[in-house]
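This report refers to the structure that appears directly beneath it.
One is the number of the first residue; the rest follow in order along the sequence. In this text the structure is predicted, and so the values were computed from the model without any measurement. Atoms within each ligand, like the ligands themselves, are counted from 1 in listed order. Side-chain atoms are counted along with the backbone in the values below, which use heavy atoms only and exclude waters and symmetry mates.
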Amino acid sequence: MQIKTITTHPYNDQNPGTSGLRKKVKVFQQPGYLENFVQAIFDSLDDLTGKILVLGGDGRYFNRPAIQVIIKMAAANGFGELIIGQGGLLSTPAASHIIRKYNAFGGLILSASHNPGGPDEDFGIKYNVSNGGPAPEKDTNAFYQRSLVIDSYKIASIEDIDLDHIGTHKIDNLSITIIDPVADYAELMQSIFDFNLLKQSISSGYITLLFDAMHAITGPYAKKIFIDILGATPDSVINAEPLEDFGGHHPDPNLAHAQELAERMFGLAPPVFGAASDGDGDRNMITGSNIFVTPSDSLAIMAANAHLIPAYAKGLRGVARSMPTSQAVDRVAAHYNIPCYETPTGWKFFGNLLDAGKITLCGEESFGTGSDHVREKDGLWAVLFWLNLIAIKRQSVTDIVNEHWQKFGRDIYCRHDYEAVEINIANSIVDHLRNQLPTLPRQTFAEYTVKYADEFSYEDSIDGSISSNQGIRIGFENGSRIIFRLSGTGTVGATLRIYLERFEADASKHNQNAQVALATLINLAEQFCEIKKRTGRTEPNVVT
Ligand code: G1P
Ligand code: ZN
């Protein structure tokens with residue numbers, strides 16, 4: 001094959017964020033922009049000659065042309081085999097599994113997760129390493145440094161590959177295999193959960209379910225698993241066809257964006273169980289008849305009941321949560337006497353703990369839960385986990401949640417997001433918060449006395465790496481917390497996230513509305529950060 005070396009000039013904004021490089025499609029369409037970043041990744045990796053690369057994305061606008069470019073660049077850079085999902089599709093957790101199953105060197109996943117898609121919306125690309133997980137910070141820093149000085153990229157002169165038919169193409173020493181994106185993943189799920197019990201529970205009508213694929217990647221996965229394998233009725237999966245613009249919606253599984261699901265679950269005669277997943281299939285939202293389970297509670301409930309699931313019958317080695325996730329799972333870990341780790345936001349921080357066998361289950365408040373079965377969070381896995389629990393416990397979602405709160409208490413929790421804040425204002429808010437930190441400890445505000453106020457820094461217990469500036473924490477004597485951090489995944493301005501949490505032991509107060517129960521903390525957060533005062537806004541864009 002003929003290989004061309006194309007001269008390019010560096011872009012200065014290719015610094016990967018919480019989860020890869022995310023930009024507007026128009027940014028990615030600039031000459032050499034995608035090529036530079038891909039070459040910067042390839043240049044930063046140790047000898048990739050003859051190795052296997054997995055390739056796929058969530059099907060959003062620009063997915064297909066980007067895949068054709070990456071195929072040609074991977075060929076020119078010496079990879080020996082490319083494994084690509086049919087149609088250029090792979091959910092993030094399926095890509096993670098395929099990297100692990102086929103001993104690939106790594107994978108490129110094309111997605112901007114829950115961000116909207118289309119010519120004027122978002123695109124993204126991230127590299128996963130051979131354990132199937134997101135590249136750690138030392139790698140993403142290397143990609144960025146390389147991107148700042150890159151002056152050429154390599155690309156092979158080959159025809160576009162037919163992505164729509166399963167099979168293998170050979171070009172000189174390179175083999176390109178188009179695989180069924182769902183089959184390996186569906187098989188993995190069957191090795192974790194009790195599919196026979198699930199089939200019985202669904203066919204007998206004990207479990208009725210509704211899954212919203214939000215016109216994103218999980219449609220084909222959910223149809224295969226819930227309808228073809230488990231026998232759910234065809235109308236159990238809605239918005240199942242992946243669309244390049246997700247039907248014009250945000251493929252973000254929360255009550256605001258998964259509107260159709262929310263209406264059904266809180267309407268007349270709702271199904272027993274309802275769930276949704278995001279653009280690339282790694283997030284999950286769990287609901288039951290008239291109930292929404294906060295992701296932090298979902299993680300804690302999964303940890304408390306994991307021994308009921310076949311793959312976790314021996315119990316959990318340990319658990320981990322991202323720093324802003326509520327402390328509900330900590331209580332479960334203490335009860336079972338297993339370690340609980342607190343990591344910075346982003347799945348990449350769980351990788352070392354999972355690889356070292358220190359944890360089995362982990363999660364984030366941002367609708368992400370997962371286990372050691374892959375190295376990404378996994379939306380459909382979480383859905384199957386809950387279905388398996390309902391089938392075994394023969395309890396409704398509401399009963400499972402209430403039972404958990406009665407036993408462990410409730411960590412009342414919510415997150416407020418202020419999106420597209422002007423970057424200078426966002427930075428001034430963070431500076432203002434930072435300046436207050438030394439003076440806050442021991443001060444009392446209403447019933448809250450500050451115990452500590454700091455900026456979270458994390459030392460990885462496996463490789464010793466240190467990640468600083470991971471969010472501002474204000475913790476109170478009664479265990480309540482307010483956390484502030486700027487998003488690392490947004491593409492417009494800055495997003496300020498405020499996380500609020502208060503523990504309630506008294507079961508007679510468990511059924512309070514979170515916004516009401518957290519009202520004092522919400523006011524305090526404004527007093528500390530002045531987001532409303534400094535931006536003139538009256539309320540957050542999203543409350544979850
Ligand atoms: C957000 C979430 C974070 C998650 C990431 C990728 O990142 O908060 O938990 O890992 O998306 O899905 P953020 O925008 O807050 O940096
Ligand atoms: Zn995602």
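The side-chain hydrogen bond (donor to acceptor under 3.5 Å, both in side chains) analysis of residues 84-96, with sequence neighbours excluded, yields the pairs Thr92-Asp280.
Under the ring-ring contact (aromatic ring centres under 6.0 Å, His included) criterion, Phe476 pairs with Tyr448, not counting sequence neighbours. Contacts of Ala525 classified as side-chain contact (heavy atoms from CB on, under 4.5 Å), with partners at least two apart in sequence or in another chain: Ile482, Phe484, Ile498, Leu500.
Checked against Arg415 for a salt bridge (charged side-chain N to carboxylate O under 4.0 Å, His left out), the options Glu501, Glu365, Glu364 give a single hit: Glu365.
For atom 1 (C) of ligand 1, the closest heavy atom belonging to the protein is Arg283 NH2, 3.6 Å. Nearest protein heavy-atom neighbour of atom 7 (O) of ligand 1: Thr489 CG2, 3.5 Å. Atom 9 (O) of ligand 1 has as its closest protein heavy atom Ser366 OG, 2.6 Å.
In this structure, Arg60 does not pair ionically with Asp122, as no charged nitrogen and carboxylate oxygen lie closer than 4.0 Å. For Asp411 and Arg331, the salt-bridge test passes: some basic side-chain N is under 4.0 Å from an acidic carboxylate O. In this structure, Glu419 does not pair ionically with Arg537, as no charged nitrogen and carboxylate oxygen lie closer than 4.0 Å.
Within the structure, the closest approach of Gly346 to ligand 1 falls below 4.0 Å when heavy atoms are considered.
Under a 3.5 Å cut-off, the side chain of Asp417 and the backbone N or O of Asn541 do not form any donor-acceptor pair. When atom types are taken as modelled, the side chain of Asp297 and the backbone of Val293 share no donor-acceptor pair closer than 3.5 angstrom. Remark: the backbone N or O of Leu433 is not paired with any side-chain donor or acceptor of Glu530 at under 3.5 angstrom.
The nearest non-hydrogen atom to atom 12 (O) of ligand 1, considering only His114, Glu365, Lys377, comes from Lys377.
Considering backbone and side-chain N/O of Arg485, one or more are found under 3.5 Å from N/O of ligand 1. Geometrically, ligand 1 and Ser487 share a nitrogen or oxygen pair separated by less than 3.5 Å.
Close contacts between ligand 1 and Thr345 involve ligand atoms 3 (C), 8 (O), 9 (O) [criterion: under 4.0 Å to a heavy atom]. Applying the 4.0 Å criterion to heavy atoms of Arg497 picks out, from ligand 1, the atoms 8 (O), 13 (P), 14 (O), 15 (O). Atoms of ligand 1 lying under 4.0 Å from any heavy atom of Glu364, numbered from 1 in the order shown and given with element: 3 (C), 4 (C), 9 (O), 10 (O). Of all atoms in ligand 1, numbered sequentially from 1 with element shown, those under 4.0 Å from a heavy atom of Gly488 are 13 (P), 14 (O), 16 (O).
Under 2.8 Å from the Zn ion (ligand 2), one finds the following protein N/O/S atoms: Ser113 OG, Asp278 OD2, Asp280 OD1, Asp282 OD1.
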Residues Ile474, Ile483; criterion side chain to side chain contact (heavy atoms under 4.5 Å, CB included); working and verdict: CA-CA 6 Å; Ile474 301 175; Ile483 289 149; over 6 Å; no
